[in-house]
Structure formats: structure tokens, C-alpha cells
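Keep in mind that the numbers below use all heavy atoms, side chains included, and drop hydrogens, waters and symmetry copies. Letters go in sequence order (proteins before strands), and every chain restarts at 1.
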Number of protein chains: 2
Amino acid sequence: MSVTIRDVAKRANVSLGTVSRYLNGYRLREHNRIRIEEAIRELGFRENFLAKGLKTNRSMTIGVVLASLTDLFATSVITAAEGILAEDNYSIVVCDFQASQEKLEQKLRFLKARSIDGLILFPGSCEAADALREYLDDGIPVVIVNDDMPGLETDKVTVDNASASFRAVEWLIHQNHRDIAIINGDQNTYTGRERYKGYLEALKTYDIQPRNEYITFGHFSNRGGYEAAKKLLDLPDPPTAIYTTNYYMTFGAVIAINEAKLRIPEDISFIGFDHFDLSDVINPPLTVVEQPTDKLGELAARTVLRRVKGDYQDFPMQLGVNTRMIMKESVRTL
Amino acid sequence: MSVTIRDVAKRANVSLGTVSRYLNGYRLREHNRIRIEEAIRELGFRENFLAKGLKTNRSMTIGVVLASLTDLFATSVITAAEGILAEDNYSIVVCDFQASQEKLEQKLRFLKARSIDGLILFPGSCEAADALREYLDDGIPVVIVNDDMPGLETDKVTVDNASASFRAVEWLIHQNHRDIAIINGDQNTYTGRERYKGYLEALKTYDIQPRNEYITFGHFSNRGGYEAAKKLLDLPDPPTAIYTTNYYMTFGAVIAINEAKLRIPEDISFIGFDHFDLSDVINPPLTVVEQPTDKLGELAARTVLRRVKGDYQDFPMQLGVNTRMIMKESVRTL
DNA sequence: CTGAAAGCGCTTACAG
DNA sequence: CTGAAAGCGCTTACAG
């Protein structure tokens with residue numbers, strides 16, 4: 001029903017192999033090129049990617065697998081990646097696995113069955129799946145975002161989680177804070193553990209004894225951040241500064257602070273994580289650690305693309321992107 | 001290189017047509033069925049969707065096109081849709097168009113070239129694209145979410161935007177509020193216009209004269225909501241209640257209220273829109289209009305699936321889903 | 001219920 | 001540079 005390469009060939013008076021070659025960027029006689037281009041235009045021909053994929057064993061799609069589509073960090077990264085991939089005519093197929101190891105396996109198999117050419121994975125709290133090894137065995141490139149997945153030979157792009165924490169806490173220390181609390185994320189995630197580690201290292205480096213009651217856990221959620229902050233503020237000896245380790249906990253904590261009628265930074269200093277709209281709407285705007293989601297997405301995309309195209313130089317790569325601190329007014333010098 | 005239907009046939013000692021029929025759920029002799037199942041298991045056979053798609057002209061993928069992947073409403077809907085589609089072995093291909101009409105056209109063509117079987121579209125502030133008509137011409141089903149797109153013959157699923165506003169404002173009126181402000185979204189979106197309309201109708205129904213200074217516009221963003229609220233609170237004669245018409249503006253407005261050191265609901269009553277985590281973390285929890293994103297997503301998914309499968313009964317459908325009000329403590333009775 | 005065969009729309013050695 | 005031909009992994013009338 002639709003117009004095929006064969007129709008174009010007939011109209012342009014060439015063989016269909018020639019049309020195919022034209023489509024794939026080979027040189028051909030000027031004269032033929034022009035006739036083919038005319039025919040394509042007149043007929044409104046469009047390539048059939050399915051047929052092409054069947055022959056070339058490429059689907060021109062990259063799978064994206066993440067815990068939740070409503071996670072702002074991941075979707076920001078994906079947005080950037082999609083832009084890069086689209087430039088090369090790749091589209092993205094998205095699946096979420098709702099932090100369930102079982103669902104993760106299932107989705108990975110699901111996508112594999114659709115012969116995706118590459119995979120970008122946000123593992124979150126899940127572990128290296130068996131299904132993932134099947135990708136590696138079959139030579140399908142996998143790029144993992146913000147996770148280490150020890151023992152898994154794939155490319156990985158991460159931000160400097162530990163260093164980000166270190167510098168955030170160091171900055172507080174330089175402002176003469178000593179009673180610095182952290183609101184941690186899940187410790188069964190790589191980012192959660194790394195960010196906690198950076199906090200501990202900064203304290204250690206400056207010979208500050210970590211205090212158990214300042215170390216709280218907010219599960220990376222709004223409510224978690226809220227409750228952790230509340231607990232901190234209720235302490236007989238509350239911290240002078242709070243550092244939260246992701247976006248959602250940041251706003252939960254800010255709400256708790258507002259509610260306690262404390263002012264930032266007069267009553268309590270604050271450093272948040274992730275730099276999205278709300279961070280600057282809040283008054284005062286928050287000093288935060290910014291993850292370069294656009295760079296991460298771009299890097300992830302370019303890396304899969306390289307691998308998909310067969311360039312396996314420096315495999316496996318462990319690519320790091322630096323966070324930066326957005327300096328606003330939520331930290332007071334003591 | 002990979003194992004095909006032909007290998008299975010050989011091993012099971014049947015023709016490859018028989019294997020194909022088995023795969024597609026036709027009945028066959030018990031004896032053959034068992035041998036085929038064995039062969040599939042032993043060989044680790046997996047269908048090649050590309051080849052299948054080439055013959056059947058179905059790619060088993062549904063395109064999802066939206067303005068931004070970081071929009072919580074849309075991603076919530078998509079999450080629900082993805083679940084339903086995956087049950088039927090469909091996957092989703094996602095593109096965002098960053099509120100650019102041109103990009104929208106481009107992405108629609110891009111996806112069409114990949115022979116998606118159906119499309120779920122969140123048009124936002126964009127208009128019916130030419131590319132969209134090509135879908136209709138080619139019989140590719142399109143389901144539009146939360147938009148009316150007059151003149152476009154497709155299925156549409158929306159929430160009761162105007163009625164939602166009406167009821168929210170009516171509730172405020174019943175609590176004896178008369179000075180009710182609205183923070184509107186973009187008026188070049190369907191949802192923005194409808195929600196505004198419901199507000200005006202409620203006032204009219206209860207013979208309340210709308211006041212210009214109470215009608216503000218926050219562009220559906222955090223900052224917009226913040227600034228609109230600020231303006232309202234600075235009024236010589238400020239409203240006794242504020243109604244915000246989406247999630248992002250709700251939190252911008254709450255921040256402005258906090259900042260003005262006003263208490264909800266003692267100093268000002270408040271009804272928000274959309275029910276996500278933060279709504280309940282805030283103190284007091286906000287009374288909000290909840291959009292049933294899961295139902296919307298499910299409905300959108302089931303509708304494309306029906307059409308994809310050729311069931312065009314009642315086409316085009318205009319499906320409405322009711323919002324409900326989550327009653328919390330942010331509204332005071334005057 | 002099943003086999004043999006044609007064909008979906010492309011790509012790609014192989015000759016020339 | 002180009003044509004003719006084989007084939008990617010499936011589906012589906014057509015006979016039987």
C-alpha cells in the first residue's frame with residue numbers, strides 16, 4: 001500500500017539497489033541521484049525502518065529503563081539524551097520498573113525482545129540483573145547512569161557524588177559550622193551511599209566528630225526529608241546547618257523548617273541537592289549542589305551511540321561529570 | 001546468528017508455518033504443540049518483532065508525544081498507560097517537543113516514520129499539527145490527552161477541567177468566601193482556559209462579581225505561581241481565599257504565603273490543583289483538586305489499543321474522567 | 001490441522 | 001558506479 005524503494009526505482013529508471021545505495025549515502029552518478037531525488041519527492045516515499053532493521057539487525061531505538069518516570073532527575077537526563085539521540089535518528093523506548101527487581105528483569109527482557117540497539121539504565125536501588133548480562137553477552141551496549149554496579153563490564157556515567165557532598169559540607173565548615181546534619185537517601189542506592197560517604201569524609205578531614213543524631217535518613221522522598229528535618233529541629237542540641245542529599249528531601253526539609261518558624265539562614269543554614277525551579281523560588285534562594293543533568297544525558301547518549309556504531313575504544317568507560325555548587329543565600333557565616 | 005522460527009521448525013520436525021501458527025495462538029495438534037514448546041525452550045528462541053512487524057505492518061509500539069518529560073502530570077499519566085500497554089506487549093516510544101510547534105511537527109513525523117501503531121499526544125499549548133492529519137489519513141489511531149483540538153477527528157480523554165474549578169470555587173463559596181482569587185495557567189492551553197471558565201461560572205452562579213485584581217496568571221510554573229500569589233497578598237484588599245490551577249503554581253503560591261508570614265487557613269484559605277507528594281507534606285495538608293492520572297493513563301492506553309486492534313466503535317470518543325476534591329485543612333469557614 | 005510457497009521492504013555481496 | 005539476486009525472520013492465503 002505504501003510507496004516502497006521499488007516504486008522509486010521504477011520511476012527513476014534505476015534498480016532498487018541503486019535507490020538503496022542512495023538512501024545510505026553512497027555516491028552515485030549525478031544523473032541518477034537527481035532522478036531518484038525527484039522520484040522520492042513526487043512519490044512521497046518514506047523509508048520503512050522495520051524492513052531496514054530486519055536486514056541490518058538494527059532497530060534504531062535505544063531503550064531507557066528507570067525506576068520511575070516521575071523522577072525529575074532521571075527525566076531531566078533523559079530529555080537531554082533524547083535530543084542527542086534524535087539527531088542521529090534514534091528514538092527512545094521507555095520502561096519504568098517501580099523499584100522492583102523482578103519488574104526490572106522483566107522490562108529488560110521485554111526491550112531486548114524488541115531488539116533495541118542499546119540501553120540506558122538508571123538502576124536506582126536495584127541490582128545487576130541477569131537480564132543485563134544477556135545484553136552484554138549479545139553485545140548490546142549498556143550505559144548505566146549514576147550507579148557503579150561493581151562487576152558489570154559496561155560504560156557508566158556518574159556525577160561526583162561523594163565529592164559533591166564533601167564540598168558542600170566543606171563549605172559549611174568554612175563558614176564555621178560544626179554542627180552539620182545530613183539528610184541521607186536510601187543506603188541501598190549508590191548515590192545514597194556515596195553522598196553519605198562524602199559527608200563523613202569532610203567531617204573527618206576537618207577533625208569534626210560525626211554525631212549520630214545528626215545523621216538522618218529521608219529515603220529520597222518529600223515526606224522523608226520533612227520528617228528527618230523535623231526530628232533534627234526537635235533535637236535538644238539542634239544542628240546549625242542541614243545538608244539534604246536530593247531534590248525531594250530538600251523541599252520536605254524546607255517545609256519542616258518553615259513550619260518550625262525558623263528562618264533560613266538566620267536560624268539555620270541549609271544546603272540542598274539538585275537545582276530545579278523550586279530551589280530559586282524559595283526565599284531565600286537555596287544554595288544547592290547542581291547535577292548537570294543535561295551533560296549527563298548528553299554523555300550517556302553519545303556513549304551508547306559510539307558503542308552502537310561499533311567504536312569500542314576504551315571500553316568500559318567510567319565517565320564522571322562534576323557537579324557544581326550554586327551559591328545563593330541559604331548559608332550563614334557563623 | 002540468533003535462533004529463528006526455522007530452527008525451531010527443524011528441531012520440532014514441523015514446517016515453519018506451523019511454528020508461526022503456534023506463536024500466534026492457533027490450535028494445533030497436541031503432539032506438535034508439545035514438540036514446538038520443547039524446541040523453543042531448548043533453543044532459547046525469541047520472536048523477532050522487527051520481522052513480524054514487517055509482515056503484519058505492526059510495530060507493537062505506541063508513540064507518546066508531550067511538551068516536557070519533566071512534567072509531573074504527564075509522566076504520571078504515561079506511567080499508568082505504559083503499564084496497560086505492556087500487558088498487551090506494546091512498548092512506548094517517547095518524544096518531547098518543548099512546547100515548540102515546529103518541534104511537535106518534526107517529532108510526529110519522526111515517530112510516524114518508525115511506523116508506530118498508535119499515538120498518545122499531550123498537545124499542551126500547541127495546535128493540531130499538519131503531521132497529525134497524516135496520522136488520521138493513514139488510519140493510525142491518535143488519542144489526545146487533556147485537550148479538545150476542535151476540528152480534529154480523534155479520540156480524546158480529558159478531565160472535567162471546568163467542573164473541577166467550579167466545584168473548588170463553589171466549596172470556597174459555601175465556606176462563606178466571597179473574595180476568591182484564582183491563579184490561572186496559560187490561556188493558550190485548553191486546560192488553562194477551561195479551569196478559568198469554571199471559576200467564572202461558579203462566581204456567576206452565586207452572583208459574585210468577579211474582580212479583576214483577583215484574576216492572575218502564573219503560566220503553570222512555580223515562579224509564576226509564586227509571583228501571582230505575591231501580587232495577590234500585596235493587594236490593599238487581598239482575597240480571603242486563593243485557588244491555584246496546577247501543581248507547580250500551587251507550590252509557588254504556598255511559598256509566597258509562607259514568606260508573607262501568613263498562616264493557612266487562619267489568614268488565608270487555599271485550594272490547590274493536583275495531588276502529589278508535596279501536597280500532603282505541607283502543613284496543613286492542602287485541600288486540592290486531584291486529577292486521576294492513573295485512570296487517564298489507563299483510559300488513553302485502552303483506547304489506542306482498541307483502535308489499533310481495529311475496533312472503531314463510537315469513533316471518535318470524547319472520554320471524560322472526573323476529578324475529585326481531596327479535603328484537607330487548608331480552607332477555613334468564615 | 002499442516003506444508004510449501006510467496007512476499008513484507010529493505011541491504012549487500014557478486015559480477016560487470 | 002550499477003543490476004540482478006539472495007536473503008533478513010516472519011505471516012498467510014492456498015491446497016490438501
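- Here the separation of dC10(D) from dC14(D), taken at their P atoms, is 24 Å to the nearest Å.
- Between the C1' atoms of dG16(C) and dT12(C), the separation comes to 16 Å (whole Å).
- Checking side-chain atoms of K295(B) against main-chain N and O of Q291(B) turns up no donor-acceptor pair under 3.5 Å.
- A cation-pi arrangement is found for R307(B) relative to Y312(B), the charged atom lying closer than 6.0 Å to the ring centre and inside a 45° cone about the ring normal.
- Between the NZ atom of K10(A) and the P atom of dG3(D) there is a distance of 15 Å, rounded to whole Å.
- One interatomic measurement links the two molecules: CE of M60(B) to C1' of dC10(D), which rounds to 14 Å at whole-angstrom precision.
- Separation of atoms NZ (K107(A)) and CG (L119(A)) is listed at 13.5 Å; rounding is to 0.5 Å.
- Under the 3.5 Å distance criterion, the side-chain polar atoms of T303(A) are matched with a main-chain donor or acceptor of L299(A).
- Taking a 4.0 Å limit (strictly below) on heavy-atom distances, residues 16-30 of chain B reaches DNA chain D at G17(B), S20(B), R21(B), N24(B).
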Between S15(A) and T18(A), does a side-chain hydrogen bond (donor to acceptor under 3.5 Å, both in side chains) hold up when you go through it step by step?
CA-CA 5 Å; S15(A) 80; T18(A) 305; 3.2 Å; yes
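- Residue pairs meeting the side chain to side chain donor-acceptor pair (under 3.5 Å) criterion with at least one member in residues 92-105 of chain B: none, sequence neighbours excluded.
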Show me the donor-acceptor pairs within less than 3.5 Å that the side chains of residues 60-75 of chain B make with the rest of the protein, sequence neighbours left out.
from	atom 1	to	atom 2	distance (Å)
T61(B)	OG1	S59(B)	OG	2.9
S68(B)	OG	T70(B)	N	3.0
S68(B)	OG	T70(B)	OG1	2.7
D71(B)	OD2	A74(B)	N	3.1
T75(B)	OG1	D71(B)	O	3.0
T75(B)	OG1	L72(B)	O	3.2

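- Both S15(B) and L54(B) sit near DNA chain C, but only S15(B) has its closest nucleotide nearer the 5' end.
- Taking atom CZ of R33(B) as the reference point, atom P of dT2(C) lies 11 Å away to the nearest angstrom.
- P123(A) is linked by a side chain to side chain contact (heavy atoms under 4.5 Å, CB included) to L121(A), I144(A), D147(A), M149(A), counting only residues two or more places apart in sequence or in another chain.
- Using a 4.0 Å cutoff on non-hydrogen atoms, the parts of residues 43-52 of chain B near DNA chain D are F45(B), R46(B), E47(B), N48(B), A51(B), K52(B), ordered by number.
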How does DNA chain C read in dot-bracket, base by base from 5' to 3', with Watson-Crick or G-U pairs under 3.5 Å and | used when the partner is on another strand?
|||.||||||||.|||
side-chain hydrogen bond (donor to acceptor under 3.5 Å, both in side chains) for Y90(B) and E82(B)? Distances and angles first, verdict last.
CA-CA 8 Å; Y90(B) 279 82; E82(B) 196 252 348; over 6 Å; no
